[in-house]
Amino acid sequence: MSQPDEKKAFGLLAEFETPKALYLACEKVRDAGYKKWDAHSPFPVHGLDKAMGLKPSVLPWIVAVMAVIGGVGGFFLQVWINVSAYPQVISAKPYVSWPAFVPVTFELTVLLSAFGAVFGMFGLNKLPQLYHSLFESDRFARVTDDKFFISIEADDPQFGTQATKELLSQAGAVHIEEVQS
Amino acid sequence: MGAHGVQKIDEKEFDIGSHWIGKLPLVGLVLGILGLGASIALGLGDKEQFFFSYHVSYMYFLSIALGAFFFVIVQFAAKAGWSVLLRRIAENLAGILPFFILLGIPLVLGSHTLFHHWADETVRETDPFIVHKAPYLNEPFFYIRMAFYFVVWAVLSSIFRKKSVSQDTSGDRKTTRFLQNLSYPSIFLFALTITFASVDWIMSMDPHWYSTMFGVYYFSGSLVAIYASLIIVAMALQSHTGFGKVFNVEHFHDVGKLMFAQTAFWAYIAFSQFFLIWYANIPEETLFFKHRIEGSWMGVSVALAIGHFVIPFIFLLPSQMKRNKAVLLVGAVWMLLVHFLDIYWLIMPVHQHHGMHITVLDVTTFVGLGGLFLAIFGWYMKQAKIVPTKDPRLAESLAFENIV
């Protein structure tokens, strides 16, 4: 039925005046069982992850895997170079002298961990993202200044325009608008 | 939720009261007298072993007190808020420093045993290495330096503790500013004294050998020791009515992070020292490690690398491990034990050349000095509030929270 150029509802955007109001509203939305929603704030609000019911990020595991790849890879890269690719006797030491390999092993562990952390964060945040439906809202521009927002997506199984609007206004929203995608 | 609404505390709750740490002076004194008495009795039979065993325990407990002093001055210098709840414990541990002057008497009495490689005149005149080092390594200058370290530590640690305690009654905010200003030169003096003290008292036992990283090595170990000690004391105080209410998992997580960081820092320093000596392979530098790979010392060296770095690094890496009090306590006790092994490994091979053998004196001197250390600490804890109740940054510490 739906045609590509037809405007579709992205969801609802609710505005809050203070971080405290945002925090309390997040608890209500979380308890109502919504899954596809997000909170927006100009600065980090302590404890908001708990109020939103967010699970711990998987980022540490990405970093851990990258660290192991970097460490093991870095070590055996040097073993391969010194044993088969380009064997050289240095300071009358054996080809495989593990202490000599530690700095490069360490650096590659750190390098790949950092790649894992930065690019993993990009991936988990779906960045870079040049367009987002919420940019359509004029009021949303103030999220980088002094306003706090909760957006709930229409794709959420719990979503019903009227019911969700009611929930948000009960949660203390000062302004609620529908955002098109 | 973070800093919403300032938490108020009841100052009366922050006396040590009937908590068992208040009984430490008596218990510690008994242990101290028994331990040192037994050490002296046993030491009459084997003077050399007595001086070396005592030296290990002395440098071990000294490292905790020095680490505590460093913790205190860094908190002031950085205007740290999160750590205010812990600062009195560290101030009390650092306050033990003046007593190390008295406890250091065996160092002076045993100087010809501990430092006989350079303190002995015949060696000093015949050994070409020592001849050239004699302008530094000679007894008068050694004692002048020793006096300087002791005066710096005793005076500064006393000022920090006394001033901070006086703020509990006066509530004067100028005290904080005064101690902050004092902390900057203190950091300079601390770096100078801990470096030279470890060079004088440990490295010079083997005067043919030298390492420009040695001071940092001893310092890195003392930092591991202080964070482990703070975790253990804070854990013991969880059963205290006042402290148990305000000191929570967020604070433990942060001290745990610092302890974890220091194990990695220790490994970085230890390996950097080993790596350059191993690569250059110059006899006068390799001597240190040659003694420590002979016989059973090889096993101790490997155990130290694994126990002081590999195991705690993996064990303390996940944030959940630092947020679980029981697990963190296990980690802290482990770190204090391997730190002892570290100091033992630094000192004892000078005496026991071909392999480690543990003696009763190692245990009795440890119990004796440890007993006195705990006695003084417990006595300090009874003298004042167990947290700086009128510190201007206390509210920040009470509301402290991690983002995980």
Side-chain angles (χ1 to χ4, degrees), chain A residues 16 18-27 30 39 41 43-68 71-72 75 78 82 89-94 96-107 109-110 113 116-117 121 148, chain B residues 1-7 81-82 248-250 253-254 257 260-261 264-283 285-286 289 292-293 301-302 305-306 309-310 313-324 395-404:
Chain A
F16 299 87
T18 63
K20 190 167 187 170
L22 176 75
Y23 183 93
L24 296 173
C26 280
E27 286 182 326
R30 173 197 69 194
S41 159
F43 49 79
V45 179
H46 269 249
L48 198 65
D49 48 345
K50 274 173 220 141
M52 289 176 69
L54 292 182
K55 289 189 188 71
S57 167
V58 296
L59 192 61
W61 292 102
I62 298 175
V63 176
V65 170
M66 291 296 276
V68 171
V72 175
F75 188 85
Q78 293 172 88
N82 283 286
V89 176
I90 299 165
S91 302
K93 291 186 163 61
V96 179
S97 302
W98 70 266
F101 298 166
V102 168
V104 171
T105 306
F106 170 73
E107 297 299 347
T109 309
V110 173
S113 304
M121 181 274 289
F148 306 83
Chain B
M1 177 173 185
H4 284 261
V6 176
Q7 231 173 310
W82 73 273
N248 56 41
V249 70
E250 303 293 336
H253 188 185
D254 248 32
K257 278 188 268 189
F260 169 72
F265 179 60
W266 175 89
Y268 182 79
I269 297 300
F271 182 77
S272 300
Q273 180 169 281
F274 165 75
F275 183 53
L276 298 187
I277 291 172
W278 170 84
Y279 226 133
N281 208 7
I282 300 169
E285 288 181 349
T286 50
F289 287 106
R292 282 158 186 80
I293 57 172
S301 301
V302 173
I306 294 172
F309 173 61
V310 180
F313 183 82
I314 297 168
F315 183 79
L316 290 170
L317 187 58
S319 67
Q320 287 313 310
M321 302 298 260
K322 285 164 283 197
R323 292 180 76 82
N324 181 323
E396 210 180 314
S397 188
L398 290 169
F400 175 69
E401 208 173 303
N402 282 288
I403 293 180
V404 261

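Only heavy atoms go into these numbers, but all of them, side chains included; no hydrogens, no water, no symmetry mates. The chains referred to below are lettered A, B, ... by the order of the sequence lines, with proteins before strands, and numbering in each begins at 1.
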Q: Could you tell me how the ring of B:F275 sits relative to the ring of B:W278: parallel (under 30°), tilted (30 to 60°) or perpendicular (over 60°)?
A: parallel
Q) Measuring heavy-atom distances to chain A, does B:Y279 have an atom under 4.5 Å in its side chain, in its backbone, in both, or in neither? A) both
Q) So which part of A:W98 gets closer than 4.5 Å to some heavy atom of chain B, the side chain, the backbone, both or neither? A) side chain
Q: List for me each residue that meets side chain to side chain contact (heavy atoms under 4.5 Å, CB included) alongside B:E396, sequence neighbours excluded, and say none if there are none.
A: B:R393
Q: Let me know if A:P60 has heavy atoms under 4.5 Å from chain B in its side chain, its backbone, both or neither.
A: neither
Q.
Below 30° counts as parallel, above 60° as perpendicular, anything between as tilted: where do the rings of A:F43 and A:F148 land?
A. perpendicular
**Q.** With sequence neighbours excluded, residues passing side chain to side chain contact (heavy atoms under 4.5 Å, CB included) with A:M52
**A.** A:C26, A:W37, A:D38, A:A39, A:L48, A:L54
